[in-house]
Amino acid sequence: MSSLPRIAVIGGGASAVCLLDALVQERDLRPGVITVFEPSRHLWRGRPYQPDLEVVRVNATPDDMSVRAGDNQHLAEWLTTRQLFVGGAAAYTDPLSGSHFVPRAVYGDYLEQSARAALMTLLQRDWRVELVRQRAEYATPAANGGLKLHTARGDVHEVDYAVLSVGAGRPADHYSLAGQEGYLMEPYPVGRTLSAVDSEADVAVIGSGLTAVDVVLALNATGHQGKIRLFSRRGVLPGVRQKQIHHRLRYFTPAHFRGVAARGETRTLQDLVTLMSAELAAAGESVEAVRAEIDALRTEDPIARLRRQLGEVDSPSTGLRILQQAVPDAGPDVWPLLTEQDKNALLQRYDRALMSLCCPMPPGNAAVLLSLVESGQVELVNGLEGVESVPGDGFRIGTARGDHRAAVVINATNARMRRVNELAAPLVNSLVGAGLAEPHPRGGVHVERATSRLTVGATPNPRLYALGDPAAGSLFFTFGVQSLVDRAVDIVRAIREDSAVLTPGHDVLQSA
């Protein structure tokens, strides 16, 4: 290892910003070199937060979107300062809940400025900062125990620590439509992508999640007049976020599950239900009401569910709010305690329900969507079986109840359905080939929960880390900003502790 820690951050999106801010907050890590690899022209914004239409909003309130650990007012204070110069904060207020949901582009501005502030602080503390506007194509072990990162241009960067923080990338082309006229594989940024769509065209949106809702809102905002159909296998829409009520978790907490892990214990799904029941009971709520809401995804008409949840925005019941707080907060700590059988059962039975309920859309968005459905312009169609291009005649969308036709198909499927970001696959494959990473069957690579270190054969490597989507198979709910912040703190702490004991020449990065 070099005399100063050399840290590579591979990927320059939101997760990288969280890591940089965590580095700033860690005063006991001696200054070194930080190198960020990111080829995108929208540095720090990632895929979701590029300059775009204002109607496309984040789905969480500012206190859940702060990049600074322990400071949930960091974004709110930034917005207050921004309002002094450019105004606009009042426009971000949801008309039904009174909460603020900022445009994705504005959140991208926040990420950019947070990253720049972090880098300036690191420079002032004698760190050396390098921005490499190239992709790290592949990696090889270095002789001194570090890692060599090779770019497409042939440049080689030798580092002591590397953090894989690449995002999910583009959604997969499930129906092999790439290159077909009228097919839009990547919807973001919607302001640019949808500008070429004829306003009278019948549009098929593949997917019914948050991205699909963004597409519908963007088409509506730009005056689209044609029919819009959302096609998916199960027809599950995002839930509707209720008016914010703060709750302090007492039982279903990250600290509790970390204690369980420290004792070498495991938990079953029934154990989690029992603990959540205690959490709800302490707040005067019943687990049966939450269970009924989860079961409603299989039994209730999705539009009836949308209408009902819109009517419950001001509900005094805190059951769903507690679930929405507990799953993102404690999910990464709970997941490693379960058996593989329980993990598979949870994903098969409840994954879509938990994602719908714990990643809900703002009520204002839900109201616009419902109005478009009731006007007849938007239709939700489940039972999707396939999509094919018909030469000279658009597309045929096959469903369990018959076929539909569309002039335009927009791919709004979840990008996280890919096991590995296609652009990062060569790098990940090179790590696997060198015995430095182990692919996870549910996506990404195997990591250790406590430190986010990559593991091979359950042995953690103190030089390699994964943050965000590359850890999706090993952890649960890795993509929320608060989860990114918590994992970033874990990573910086682990690097600090490792670098404090290493001496030059100490070789720990060895292939399995």
Side-chain angles (χ1 to χ4, degrees), residues 10-16 37-53 56 58-59 104-105 107-108 111 133-138 152 164-197 203-219 230-233 355 359 384 386-387 389 395 408-429 439-440 442-445 466-473 478-479 484:
I10 304 170
S15 56
F37 294 82
E38 176 53 63
S40 168
R41 64 192 182 96
H42 294 303
L43 183 62
W44 313 123
R45 292 174 175 269
R47 172 178 176 253
Y49 307 117
Q50 303 174 48
D52 210 339
L53 300 179
V56 180
V58 301
N59 71 313
R104 288 184 180 273
Y107 188 71
L111 291 174
R133 304 313 301 273
Q134 301 178 62
R135 186 174 294 109
E137 291 287 344
Y138 67 97
L164 298 177
S165 62
V166 293
R170 299 185 303 174
D173 182 19
H174 295 289
Y175 302 104
S176 301
L177 298 173
Q180 298 294 328
E181 183 179 357
Y183 176 62
L184 304 179
M185 189 166 73
E186 167 58 86
Y188 294 115
V190 292
R192 183 182 70 208
T193 303
L194 303 183
S195 62
V197 176
V203 174
V205 180
I206 307 304
S208 60
L210 290 170
T211 300
V213 174
D214 280 350
V215 169
V216 171
L217 294 175
L219 287 170
L230 275 59
F231 292 92
S232 64
R233 287 177 297 170
M355 290 302 104
C359 298
L384 175 63
V387 186
S389 174
F395 300 87
V408 175
V409 170
I410 301 172
N411 184 12
T413 57
N414 190 341
R416 293 183 175 86
M417 293 176 68
R418 285 183 181 274
R419 296 195 179 277
V420 176
N421 180 328
E422 61 178 337
L423 298 179
L427 173 63
V428 173
N429 291 339
H440 197 288
R442 282 190 290 271
V445 292
L467 178 60
D469 290 296
T478 57
F479 51 86
L484 294 176

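Because the structure is predicted, anything quoted here is derived from the model rather than measured.
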Any idea which heavy atoms bring L53 and G191 closest together, and the distance? CG-CA, 3.6 Å
Quick one: does any side-chain atom of T211 pair with a main-chain N or O of A412 as donor and acceptor, under 3.5 Å? no
Compare every heavy atom of Q134 with every heavy atom of A152, then report the nearest pair and how far apart it is. N-OE1, 4.2 Å
Can you find a heavy atom in the side chain of V58 that is under 4.5 Å from one in the side chain of Y49? yes
Tell me if a side-chain donor or acceptor on S165 pairs with a main-chain N or O of G11 at a distance below 3.5 Å. yes
D173 CG to I206 CD1 distance, which is reported to the nearest 0.5 Å: 10.5 Å
Where is the tightest heavy-atom contact between F231 and A204, given as atom of each residue plus distance? CE1-CB, 3.6 Å
Is there a side-chain contact between V166 and I10 (heavy atoms, below 4.5 Å)? yes
Hey, are N411 and Y175 close enough side-chain-wise for a donor-acceptor pair under 3.5 Å? no
L177 side chain reached by F395 side chain, heavy atoms, under 4.5 Å: yes
Can you check whether V190's main-chain N or O pairs, donor with acceptor, with D52's side chain at less than 3.5 Å? yes
Please tell me if the side chains of L194 and I410 come closer than 4.5 Å, counting only heavy atoms from C-beta onward. yes
CE/M185 to OG1/T413 distance, rounded to the nearest 0.5 angstrom? 9.5 Å
Can you tell me if R133 uses its side chain to pair, donor with acceptor, with the backbone of E38 under 3.5 Å? yes
For the residue pair L484 and L467, establish whether any side-chain heavy-atom pair is separated by less than 4.5 Å. yes
If you take all heavy atoms of R45 and A105, which pair is closest and at what distance? NH1-O, 3.0 Å
Stepwise side chain to side chain contact (heavy atoms under 4.5 Å, CB included) test for V213 and N59: CA-CA 11 Å; V213 174; N59 71 313; over 6 Å; no
Where is the tightest heavy-atom contact between L210 and C359, given as atom of each residue plus distance? CD1-O, 3.7 Å
Minimum heavy-atom separation for S389 to Q180, with atom names? OG-OE1, 3.1 Å
Any side-chain heavy atom of P439 within less than 4.5 Å of one from V428? no
Within the structure provided, determine whether D214 and R104 are in side-chain contact (heavy-atom separation under 4.5 Å). yes
How about H42 and P51: do any of their side-chain heavy atoms sit closer than 4.5 Å? yes
